[in-house]
Amino acid sequence: DSGVTQTPKHLITATGQRVTLRCSPRSGDLSVYWYQQSLDQGLQFLIQYYNGEERAKGNILERFSAQQFPDLHSELNLSSLELGDSALYFCASSPKGVAADTQYFGPGTRLTVL
Amino acid sequence: EDKVVQSPLSLVVHEGDTVTLNCSYEVTNFRSLLWYKQEKKAPTFLFMLTSSGIEKKSGRLSSILDKKELFSILNITATQTGDSAIYLCAVTFNNDMRFGAGTRLTVKP
């Protein structure tokens, strides 16, 4: 158990809908990362927040957005969902969010878009 | 285009064998290279490398980075069935991070 929690574990929804994935980092970690893992694209970095502010951005679509709240939990919002958004979404946390940090992954949220 | 390439994509060995997994990269403003092990669910961190030529070691696993030739290797000695997993290499650069496709290692008894 990494100490990172993600809810929900599974989510099934329809195309065009909007969903919110939630992540609670390890106690004391200031940085949160979001990743998408699909069969055809592998693991892709989406976005990183550090202490409430966006720190780094990867291959995140405009239909996706994220934020980190004062209590350091983070939410990833996915809107206008498409079939291709079906994937496992991981959140990870690290103490400082710098290159030297170890990232601890949560168990993931499996999103299925029908 | 920034990319991370792992080889082989798949590898089957027997217990006790030694394996070498490769990760090559082409990115601008390299910061670090990370190795992860992914079994059934979430990746677990193995190593982070930032300096060339310095070996990181943990038990039967070791890794080294060559920043001149832009690659890293992950060695696993005396493999066990519990080593069966997907091994992922990731490179951080600028404010981004790119993963390789992974190497699926299967260790047979």
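In what follows, chains are A, B, ... by sequence order, proteins preceding strands, each numbered from 1. For clarity, every value in this text was computed on a predicted model and none was experimentally measured.
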task: Taking all heavy atoms of A/F90 and all of B/A42, pick out the closest pair and write down the distance.
output: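 Shortest heavy-atom separation between A/F90 and B/A42 comes out as CE2-CA, 3.5 Å.
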
- request: Take atom CZ of B/R104 as the centre, draw a 6.0 Å sphere, and report whether it contains more than 12 heavy atoms from other residues, nucleotides or ligands.
  value: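 It does not: B/R104 CZ has 12 such atoms or fewer within range.
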
query: If you count the non-hydrogen atoms of other residues, nucleotides and ligands that lie under 6.0 Å from CG in A/L114, is the total more than 12?
result: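 Count over threshold, so yes.
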
field: Members of residues 57-73 of chain A whose heavy atoms come closer than 4.5 Å to chain B
entry: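 The residues closer than 4.5 Å to chain B, in numerical order, are A/K57, A/G58, A/N59.
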
field: Residues that B/E39 engages under salt bridge (charged side-chain N to carboxylate O under 4.0 Å, His left out), provided they are two or more places apart
entry: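 Applying salt bridge (charged side-chain N to carboxylate O under 4.0 Å, His left out) to B/E39 gives B/K37.
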
message: Holding to salt bridge (charged side-chain N to carboxylate O under 4.0 Å, His left out), I want the full list of residues that pass it with A/R110, two or more places apart in sequence or in another chain.
response: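 By the salt bridge (charged side-chain N to carboxylate O under 4.0 Å, His left out) rule, A/R110 matches no residue at all.
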
- prompt: Are any of the side-chain heavy atoms of B/K41 and A/F105 separated by less than 4.5 Å?
  reply: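 The answer is no; the side chains never approach within 4.5 Å.
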
query: Are A/Q48 and B/M97 side-chain neighbours, meaning at least one heavy-atom pair lies under 4.5 Å?
result: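 No, their side chains stay 4.5 Å or more apart.
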
message: Working to the nearest 0.5 angstrom, can you tell me the gap between B/D96 CG and A/I47 CD1?
response: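 One gets 11.0 Å once the value is rounded to the nearest 0.5 Å.
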
field: chain A contact via B/I86 - side chain, backbone, both or neither, heavy atoms under 4.5 Å
entry: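 Neither part.
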
task: Would you kindly confirm whether B/F99 and B/L70 end up in one hydrophobic cluster when ILVMFWY residues are joined by side chain heavy atoms under 4.5 Å apart?
output: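 Different clusters: B/F99 never reaches B/L70 through Ile, Leu, Val, Met, Phe, Trp or Tyr contacts under 4.5 Å.
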
- prompt: At a heavy-atom separation under 4.5 Å, does A/Y35 approach chain B through its side chain, its backbone, both, or neither?
  reply: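 For A/Y35, the side chain is the part near chain B, not the backbone.
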
task: Any pair with a residue in residues 3-22 of chain B that passes side chain to side chain donor-acceptor pair (under 3.5 Å), sequence neighbours left out, goes on the list, sorted by first then second residue, please.
output: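 Listed by first then second residue: B/T20-B/N75.
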
